[in-house]
Amino acid sequence: MRKKYKILMIVIISIAVILGGLLIYQKFFYKEPVETPVNTVTVTNTIDEYGYTLEDRDTALFEEKFHELETLLNQEEFDQEEYVSLVSQLFIIDFYTIDNKISRYDIGGLEYVYTDAVASLKSVAQNSIYKTVENNLDDTRTQDLPEVASITVDSISDYEYIMPDESTVAGYRVALSWTYTENLGYDSEGVLVLIPDGNKVGVVYFNP
């Protein structure tokens, strides 16, 4: 009987020591975990037939041009040059508005690029204009990055684009100029070439 009593006392003391240790840890050493904010992006509107999207991070200027494009494409017949103009503007606005991008790998404007040119443009951008973009996954970045404030289409003309197989495709040459909310030394003018890409047009050449 005395042996059982000793065992019971040992168990009770052990439990008391463990509980006491947990209380001391909780009071003096434990810190509540701090939730790290995560920078997320939500699609708020789509033009399904063409694969164009509007996101909650897009600027007012981008949203304005997107709605203009949406209205145009809802027409049974629309002006092709106006379509090319809006696609060109949306590409430039999204590509050069880097302040709302999450990292150097988050390249803007790719849905307005010719399908077979996306990988090439993405690689070039990651190693040039987007190269020094700091990660903003935790939404705490303080780096100064550009935001396009206004954009102008200076000219649109027909253009014969030579494909890699040396065939030619009828497309458009578009010259644009743009300004920023703050001048950080980024490009402010450039020339695009757009060609048919399935049921839409895509940027196949870009010379800032």
Next on the checklist: For Asp106, is there an ion pair with Arg57 - N to carboxylate O distance below 4.0 angstrom?
Outcome noted: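 Result for this pair is yes, salt bridge flagged.
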Regarding [X] and [Y], do their side chains bring together a donor and an acceptor under 3.5 Å, going by distance alone?
X: Thr53; Y: Glu111; value: yes
X: Tyr96; Y: Asp187; value: yes
X: Asn100; Y: Glu147; value: no

Return the [atom1] to [atom2] distance between [X] and [Y], rounded to the nearest 0.5 Å.
X: Leu72; Y: Ile47; atom1: CG; atom2: CD1; result: 9.0 Å
X: Leu176; Y: Leu192; atom1: CG; atom2: CG; result: 5.5 Å
X: Lys122; Y: Asn127; atom1: NZ; atom2: CG; result: 12.0 Å
X: Lys65; Y: Ile92; atom1: NZ; atom2: CD1; result: 13.0 Å
X: Gln89; Y: Ile151; atom1: CD; atom2: CD1; result: 5.0 Å
X: Thr152; Y: Glu189; atom1: OG1; atom2: CD; result: 11.5 Å

Are [X] and [Y] connected in the hydrophobic side-chain network, where two residues link if heavy atoms are under 4.5 Å apart?
X: Val193; Y: Val84; answer: no
X: Tyr186; Y: Ile107; answer: yes
X: Val203; Y: Tyr205; answer: no
X: Leu69; Y: Leu61; answer: yes
X: Ile93; Y: Trp178; answer: yes

Measure across [X] and [Y] and return the closest heavy-atom pair with its distance rounded to 0.1 Å.
X: Met163; Y: Val169; result: CG-CG2, 3.5 Å
X: Asp197; Y: Val113; result: OD2-O, 3.9 Å
X: Val153; Y: Ser85; result: CG2-OG, 3.4 Å
X: Val124; Y: Ser128; result: O-OG, 2.6 Å
X: Glu81; Y: Asp79; result: N-OD1, 2.9 Å
X: Gly171; Y: Ile195; result: CA-CG2, 4.2 Å

Item to check | Within the 6.0 Å centroid threshold, strictly below: Phe66 and Tyr52 | outcome: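 No; Tyr52 has its ring centre 6.0 Å or more from that of Phe66.
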Between [Y] and [X], is there a side-chain heavy-atom distance shorter than 4.5 Å?
X: Tyr180; Y: Val148; answer: yes
X: Asn45; Y: Glu70; answer: yes
X: Phe62; Y: Leu54; answer: yes
X: Tyr50; Y: Tyr83; answer: yes
X: Val204; Y: Leu194; answer: no

Checklist entry - What residues form a salt bridge (Lys or Arg N to Asp or Glu O under 4.0 Å) with Glu82, not counting sequence neighbours? => result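 Checked Glu82 against salt bridge (Lys or Arg N to Asp or Glu O under 4.0 Å); zero matches.
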Next on the checklist: Tell me every residue that passes salt bridge (Lys or Arg N to Asp or Glu O under 4.0 Å) with Asp94, counting only those two or more places apart in sequence or in another chain.
Outcome noted: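 Applying salt bridge (Lys or Arg N to Asp or Glu O under 4.0 Å) to Asp94 gives Lys101.
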Next on the checklist: Quick one, Phe91 with Phe206, criterion ring pair (Phe, Tyr, Trp, His ring centres under 6.0 Å). Give me CA distance, side-chain angles, the key distance, then yes/no.
Outcome noted: CA-CA 10 Å; Phe91 167 75; Phe206 175 36; 5.5 Å; yes
Item to check | Heavy atoms of other groups near Tyr159 OH, more than 12 under 6.0 Å | outcome: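 No, the 6.0 Å shell around OH holds no more than 12 heavy atoms from other groups.
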Next on the checklist: Does Gln80 have more than 12 heavy atoms from other residues, nucleotides or ligands lying within 6.0 Å of its CD?
Outcome noted: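 Check passes, neighbour count above 12.
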Next on the checklist: For Ser177 and Asp154: C-alpha separation, side-chain torsions, deciding distance, then whether side-chain hydrogen bond (donor to acceptor under 3.5 Å, both in side chains) applies.
Outcome noted: CA-CA 7 Å; Ser177 54; Asp154 299 315; 3.1 Å; yes
Item to check | Sequence-distant partners of Ala149, side chain to side chain contact (heavy atoms under 4.5 Å, CB included), two or more places apart | outcome: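 Per chain and number, Ala149 pairs via side chain to side chain contact (heavy atoms under 4.5 Å, CB included) with Thr179, Thr181.
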I'd like to know if the side chain of [X] and the backbone of [Y] have a donor-acceptor N/O pair within less than 3.5 Å.
X: Gln143; Y: Glu134; answer: yes
X: Thr42; Y: Asp56; answer: no
X: Arg173; Y: Asp158; answer: no

Checklist entry - Are Glu49 and Leu73 close enough, and set up right, to give a side chain to side chain contact (heavy atoms under 4.5 Å, CB included), and what steps lead you there? => result CA-CA 9 Å; Glu49 186 178 350; Leu73 294 178; over 6 Å; no
Next on the checklist: Does Tyr112 form a ring pair (Phe, Tyr, Trp, His ring centres under 6.0 Å) with Phe95? I'd like the steps, not just the answer.
Outcome noted: CA-CA 10 Å; Tyr112 302 98; Phe95 187 81; over 10 Å; no
